Amino acid sequence: MKFNYKRLFFNNPVRSIVQVFFAVSFIVLVLSIWGFAGTHNLCPWAVIEVPILMLRHGSGLFFVWGILIGLLGIISTFIYPRIFCGWICPLGTLFDFLGNIGQKLHISSKRIPHWLNEKMRIFSYGVLLLIVLATIVKGSLVCQIACPAFWICAVWKIYIPIATAIILLLWLALSLRVKRGFCRYICPYGALLGTFAPISHYAVVRNLEVCNNCNLCNLSCPMGIDITQELVVKSAHCIGCGDCIKSCQRNGLEWASRKSAKNLELSN
Ligand code: SF4
Ligand code: SF4
Ligand code: SF4
């Protein structure tokens with residue numbers, strides 16, 4: 001069956017509207033209220049770094065909104081896998097957009113083998129570990145050195161060091177070439193959420209009775225998950241976007257509780 005790119009672009013209009021709403025709110029809050037450094041106020045990475053800095057310096061709580069958003073992202077993952085990444089994070093929205101452009105310009109890579117796609121997630125855990133260690137050693141917000149959100153907001157105001165500019169271009173190029181490449185293999189907060197995603201209450205479940213293995217769901221998945229190999233999507237990459245469900249023309253996919261899906265798995 002021929003893949004319909006137009007359908008993919010407008011595949012999930014509700015998600016697009018929600019994403020644009022949060023992206024615009026983020027830009028307005030950061031640029032009009034806090035200034036470029038305000039990205040820290042809304043960044044969920046705070047949940048990784050701030051507690052370390054508080055312990056190290058004995059200082060009080062700061063970047064409270066960032067910590068709250070970080071915690072909410074974790075809590076929501078216990079209900080739907082990484083729903084923060086799929087619906088709210090403005091960077092995720094930017095990377096969805098870049099991924100679509102890459103596809104339109106025919107510069108996106110051929111699909112990465114699923115086993116490799118899953119294995120390469122280990123890089124994001126490496127970044128997470130590196131950030132934790134560097135924060136302990138340096139005692140400052142080290143993640144800002146290579147944080148796309150911070151520098152995209154700051155680029156109009158301050159000089160970007162060459163090394164940082166190169167890293168940022170690398171992140172953007174990666175996301176043009178591989179849909180959500182940054183989210184899949186680099187983002188430390190995505191790595192943290194991915195730890196809980198496989199145990200979220202709801203998961204995408206495939207109905208084997210109607211599925212004809214047409215592969216449309218796999219082609220629509222921004223995280224490159226092999227949905228057709230499973231009855232229940234267990235991948236830590238799943239960002240709860242629901243694009244696969246929308247793309248299936250046979251209503252072969254739905255959100256269901258993992259518990260009921262497990263019973264289904266056992267009975268198959
Ligand atoms: S993986 Fe990171 S950058 Fe991507 S959507 Fe999630 S929090 Fe945002
Ligand atoms: S779940 Fe739907 S989209 Fe996916 S392979 Fe089966 S029929 Fe095709
Ligand atoms: S499996 Fe479905 S819900 Fe999960 S990331 Fe892929 S398209 Fe989105």
Side-chain angles (χ1 to χ4, degrees), residues 1 3-4 7-8 11-12 15 19 22-23 26 39 42-48 66 69-70 72-74 76-77 80-99 114 117-118 121 123-124 127-128 143 146-150 152 171-172 174-175 179-194 197-198 200 202-255:
M1 192 181 294
F3 184 56
N4 186 340
R7 186 177 159 82
L8 171 66
N11 193 20
N12 203 338
R15 184 164 86 91
Q19 284 183 297
F22 280 110
F26 173 80
T39 41
L42 292 174
C43 178
W45 294 13
V47 85
I48 302 170
I69 292 169
L72 278 175
I74 294 172
S76 60
T77 286
Y80 283 93
R82 289 177 67 174
I83 199 158
F84 175 83
C85 298
W87 293 73
I88 297 171
C89 178
L91 271 183
T93 304
L94 172 70
F95 294 140
D96 272 345
F97 182 64
L98 288 178
H114 293 295
N117 186 43
E118 292 294 331
R121 198 163 52 84
F123 287 119
S124 60
V127 175
L128 177 60
C143 67
C147 170
F150 176 75
I152 288 169
W171 297 159
L172 298 179
L174 172 67
S175 301
K179 258 199 165 191
R180 291 251 187 174
F182 181 84
C183 301
R184 295 189 201 187
Y185 315 129
I186 311 291
C187 179
Y189 184 65
L192 189 66
L193 295 184
S200 64
Y202 290 105
V204 173
V205 177
R206 193 162 58 105
N207 183 341
L208 297 180
E209 282 173 18
V210 295
C211 175
N212 65 352
N213 286 309
C214 70
N215 212 33
L216 275 180
C217 51
N218 279 358
L219 289 169
S220 74
C221 178
M223 298 297 278
I225 297 168
D226 192 354
I227 300 152
T228 55
Q229 285 305 305
E230 304 198 66
L231 182 64
V232 185
V233 172
K234 301 184 190 85
S235 171
H237 274 317
C238 183
I239 53 171
C241 64
D243 284 8
C244 53
I245 297 174
K246 289 273 177 196
S247 72
C248 180
Q249 291 166 7
R250 298 173 69 90
N251 293 326
L253 297 167
E254 61 174 356
W255 286 111

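Remember, it's 1-based here, ligands and their atoms both numbered in the order they're listed. Keep in mind the model is a prediction, meaning the values are calculated, not measured. Along the sequence shown, residues are numbered consecutively beginning with 1.
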Trainee: Under the rule for side chain to side chain contact (heavy atoms under 4.5 Å, CB included), what residues qualify as partners of C89, not counting sequence neighbours?
Mentor: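 Side chain to side chain contact (heavy atoms under 4.5 Å, CB included) list for C89, sorted by chain: F84, L91.
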Trainee: Are W255 and Y80 close enough that their ring centres sit under 6.0 Å apart?
Mentor: yes
Trainee: Kindly write out the residues that satisfy side chain to side chain contact (heavy atoms under 4.5 Å, CB included) with L174, not counting sequence neighbours, or none if the list is empty.
Mentor: V178, I186
Trainee: Tell me, do S235 and H114 make a side-chain contact under 4.5 Å, heavy atoms counted?
Mentor: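 Heavy-atom side-chain distance check fails, nothing below 4.5 Å.
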Trainee: Can you pull out the closest protein heavy atom to atom 6 (Fe) of ligand 3? Residue, atom name and distance to 0.1 Å, please.
Mentor: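 Looking at atom 6 (Fe) of ligand 3, the protein heavy atom closest to it is C221 SG, 2.3 Å.
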Trainee: In ligand 1, which numbered atoms sit nearer than 4.0 Å to a non-hydrogen atom of Y189?
Mentor: 7 (S)
Trainee: Working to the nearest 0.5 Å, report the span between CD1 of I225 and SG of C238.
Mentor: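 Answer rounded to 0.5 Å: 4.5 Å.
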Trainee: For G242, take its heavy atoms, then give the atoms of ligand 3 lying under 4.0 Å from any of them.
Mentor: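 With G242 as reference, the close atoms of ligand 3 come out as 3 (S), 8 (Fe).
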Trainee: Do N117 and Y185 come within less than 4.5 Å of each other through their side chains, counting heavy atoms only?
Mentor: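 Yes, side chains in contact.
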Trainee: Under 4.0 Å from a heavy atom of G92: which atoms of ligand 1 are those, numbered in the order shown and with their elements?
Mentor: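 Atoms satisfying the 4.0 Å criterion: 5 (S).
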Trainee: Below 4.0 Å from any atom of ligand 2, is there a heavy atom belonging to N215?
Mentor: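 A heavy atom of N215 does come that close to ligand 2.
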Trainee: What atoms of ligand 1 come closer than 4.0 angstrom to any heavy atom of C187?
Mentor: 1 (S), 2 (Fe), 3 (S), 7 (S)
Trainee: Can you tell me which residue and heavy atom of the protein come closest to atom 4 (Fe) of ligand 3, and the distance to 0.1 Å?
Mentor: C238 SG, 2.4 Å
Trainee: For a quick check under 3.5 Å, do N218 and S220 share a side-chain donor-acceptor pair by atom type?
Mentor: no
Trainee: Suppose I only count heavy atoms of R82 and a 4.0 Å limit; which atoms of ligand 1 are within that range?
Mentor: 1 (S)
Trainee: Does the side chain of N207 reach to within under 4.5 Å of the side chain of L253, using non-hydrogen atoms?
Mentor: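 Heavy-atom side-chain distance check fails, nothing below 4.5 Å.
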Trainee: Please work out whether any backbone atom (N, CA, C, O) or any side-chain heavy atom from C-beta onward of C85 is under 4.0 Å from ligand 1, and answer side chain, backbone, both or neither.
Mentor: both
Trainee: List the closest protein heavy-atom neighbour of atom 5 (S) of ligand 3: residue, atom name, distance to the nearest 0.1 Å.
Mentor: I239 N, 3.4 Å
Trainee: Rounded to the nearest 0.5 Å, what separation is found between the CG atom of N213 and the CD1 atom of I227?
Mentor: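 If we round to the nearest 0.5 Å, N213:CG and I227:CD1 are 12.0 Å apart.
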Trainee: May I ask you to identify the nearest protein heavy atom to atom 8 (Fe) of ligand 3, giving residue, atom name and distance to one decimal place in Å?
Mentor: C241 SG, 2.3 Å
Trainee: Taking 4.0 Å as the limit for heavy-atom contacts, which would you say applies to C183 with ligand 1: side chain only, backbone only, both, or neither?
Mentor: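 Near ligand 1, C183 shows its backbone as well as its side chain.
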Trainee: Show the atoms of ligand 1 that are less than 4.0 angstrom away from any heavy atom in G190.
Mentor: 1 (S)
Trainee: Output the list of atoms in ligand 1 that are nearer than 4.0 Å to some heavy atom of L91, sorted by atom number.
Mentor: 3 (S)
Trainee: Using 0.5 Å steps for rounding, measure from the CD atom of E118 to the NZ atom of K234.
Mentor: 11.5 Å
Trainee: Taking R206 for its side chain and E230 for its backbone only, find out whether a donor-acceptor pair lies under 3.5 Å.
Mentor: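 Checking the backbone N and O of E230 against the side chain of R206, a donor-acceptor pair under 3.5 Å is found.
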Trainee: Is there a side-chain contact between F95 and L172 in this structure, where contact means two heavy atoms from C-beta onward sitting under 4.5 Å apart?
Mentor: yes
Trainee: Show me which atoms of ligand 2 lie under 4.0 Å from any heavy atom of T228.
Mentor: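 In order of number, 5 (S).
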Trainee: Can you name the atoms of ligand 1, numbered from 1 with element, that are less than 4.0 Å from a heavy atom of R180?
Mentor: 5 (S)
Trainee: Is any side-chain heavy atom of S124 closer than 4.5 Å to one of C187?
Mentor: no
Trainee: Is R184 near ligand 1, meaning one of its heavy atoms is under 4.0 Å from it?
Mentor: no
Trainee: Applying side chain to side chain contact (heavy atoms under 4.5 Å, CB included), name anything that partners C241, two or more places apart in sequence or on another chain.
Mentor: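 Once residues adjacent in sequence are excluded, the partners of C241 under the side chain to side chain contact (heavy atoms under 4.5 Å, CB included) criterion are R15, P222, I239, D243.
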Trainee: Suppose the cut-off is 2.8 Å; how many protein N/O/S atoms fall inside it around atom 2 (Fe) of ligand 2?
Mentor: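 Excluding waters, the total comes to 1.
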